[in-house]
Amino acid sequence: MAGSSVQILGTGQLLELSRRLRAASGTTVQRNLSRRIRRAAEPLHGELRSTMQGMPIRSPGRSPGGRGGPSPTRRPLRATLAAAIKISVRTSSSPGARVYVDKGMLPHDLKFMPEAMNDAPGGRLRHPVFRNRRRWANQFVTPLWWDKAVRSHTPRMTAEVTRVLDDVRRQLD
């Protein structure tokens with residue numbers, strides 16, 4: 001993933017506005033700013049989560065020989081990964097909104113799975129079968145799912161954050 005998180009930043013404008021908010025100590029204005037910046041990022045957050053949950057993961061099928069069986073984990077992969085996509089909004093030191101994968105919410109063996117699924121060349125994920133490094137499997141996913149969603153939402157988010165900053169600046173003047 002290109003950076004594995006998305007940040008809405010107008011750093012110069014947001015930093016200057018953040019200083020003025022602290023000086024004015026308007027908690028209502030600060031809460032309003034946070035809420036509106038979060039709202040600007042929520043459509044991207046929702047699209048990333050729904051894309052992950054609905055992403056088809058295809059496999060070429062099993063080889064003959066009767067091997068296979070149920071998964072030893074019973075963990076729903078796509079739902080687990082989608083639940084780890086979060087939004088963070090800050091109005092203090094480095095203000096802005098960030099949409100990211102919270103790796104702390106993922107099981108140890110899935111920490112890098114969202115990046116691997118996004119960056120898979122040709123959409124191909126090659127992995128050992130149940131950690132057996134002598135047997136490998138191929139699965140196919142939609143590559144660049146994160147990057148495509150970010151590209152489609154960036155102009156709208158930038159325009160929305162600019163509008164929010166202008167509104168708050170007018171309130172402070």
Margin query: Test side-chain contact (heavy atoms from CB on, under 4.5 Å) on Trp146 and Val101; report intermediate values, then the result.
Written below: CA-CA 10 Å; Trp146 182 277; Val101 176; 3.8 Å; yes
Margin query: Evaluate Glu42 against Arg35 for salt bridge (charged side-chain N to carboxylate O under 4.0 Å, His left out), listing each step before the verdict.
Written below: CA-CA 10 Å; Glu42 281 174 350; Arg35 183 173 39 81; over 6 Å; no
Margin query: Checking Arg98 against Ile87 for the side-chain contact (heavy atoms from CB on, under 4.5 Å) test, could you report, in this order, the C-alpha distance in whole Å, the side-chain angles of both residues, the deciding distance, and whether it holds?
Written below: CA-CA 6 Å; Arg98 184 174 159 227; Ile87 298 178; over 6 Å; no
Item checked: CA sep, side-chain torsions, deciding dist, call: Thr51, Lys148, side-chain contact (heavy atoms from CB on, under 4.5 Å) -> CA-CA 11 Å; Thr51 299; Lys148 288 176 186 174; over 6 Å; no
Notebook entry, point to check: Yes or no on side-chain contact (heavy atoms from CB on, under 4.5 Å) for Val164 and Asn32, after CA distance, side-chain angles and deciding distance?
Noted result: CA-CA 9 Å; Val164 168; Asn32 187 24; over 6 Å; no
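Annotation: side chain of Leu48 is in contact with side chain of Trp145 (closest heavy-atom distance under 4.5 Å). Side-chain contact between Thr142 and Pro56: present, with at least one pair of heavy atoms (C-beta onward) separated by less than 4.5 Å. Annotation: side chain of His45 is not in contact with side chain of His153 (no heavy-atom distance under 4.5 Å). Side-chain contact check for Glu47 versus Ser152: some heavy-atom pair is nearer than 4.5 Å. Contact annotation: the side chain of Tyr100 approaches that of Ser88 to within less than 4.5 Å [non-hydrogen atoms, C-beta and beyond].
Distance check: Met117 CE to Leu144 CG gives 12.5 Å after rounding to the nearest 0.5 Å. To the nearest 0.5 Å, the span separating CD on Gln139 from CG on Leu77 amounts to 8.5 Å. Taken from CE in Met105 to CG in Leu110, the straight-line distance is 12.5 Å, to the nearest 0.5 Å. How far OG1 of Thr80 is from CE of Met113: 11.0 Å, rounded to the nearest 0.5 Å. Between Ile85 atom CD1 and Arg49 atom CZ the span is 7.0 Å, to the nearest 0.5 Å.
Scanning all heavy atoms of the two residues, the minimum distance from Ala40 to Glu160 falls at CB-CG, 3.4 Å. Annotation for Val129 and Ala137: closest pair CG2-CB, 3.8 Å, computed over non-hydrogen atoms. A pairwise comparison of heavy atoms in Pro143 and Gly122 identifies CG-C, 4.4 Å as the closest pair. In terms of heavy-atom proximity, Ser34 sits nearest to Val89 at O-CG1, 3.8 Å. The minimum heavy-atom distance between Ala120 and Val141, with the atom names listed, is CB-CG2, 4.4 Å. Scanning all heavy atoms of the two residues, the minimum distance from Thr158 to Thr162 falls at O-OG1, 2.8 Å.
No donor-acceptor pair closer than 3.5 Å links the side chain of His127 to the backbone N or O of Trp136. At distances below 3.5 Å, not a single donor-acceptor pair connects side-chain atoms of Lys86 with backbone N or O atoms of Asp102. Of the possible donor and acceptor atoms, none in the side chain of Arg36 sits under 3.5 Å from a partner among the backbone N and O of Leu165. Side-chain atoms of Arg78 come within 3.5 Å of backbone N or O of Met55 as a donor-acceptor pair.
Residues Ile57 and Leu125 share a single hydrophobic cluster, defined by chaining ILVMFWY side chains whose heavy atoms lie under 4.5 Å apart. There is no path of hydrophobic side-chain contacts, each under 4.5 Å, that joins Phe140 to Leu81.
Judged as a side-chain hydrogen bond (donor to acceptor under 3.5 Å, both in side chains), and not counting sequence neighbours, Arg126 has no contacts.
Remark: the Asn132 side chain and the Arg135 side chain contain no N/O donor-acceptor pair separated by less than 3.5 Å.
Residues Arg170 and Asp167 are paired through a salt bridge, judged by an N-O separation under 4.0 Å between the basic side chain and the carboxylate.
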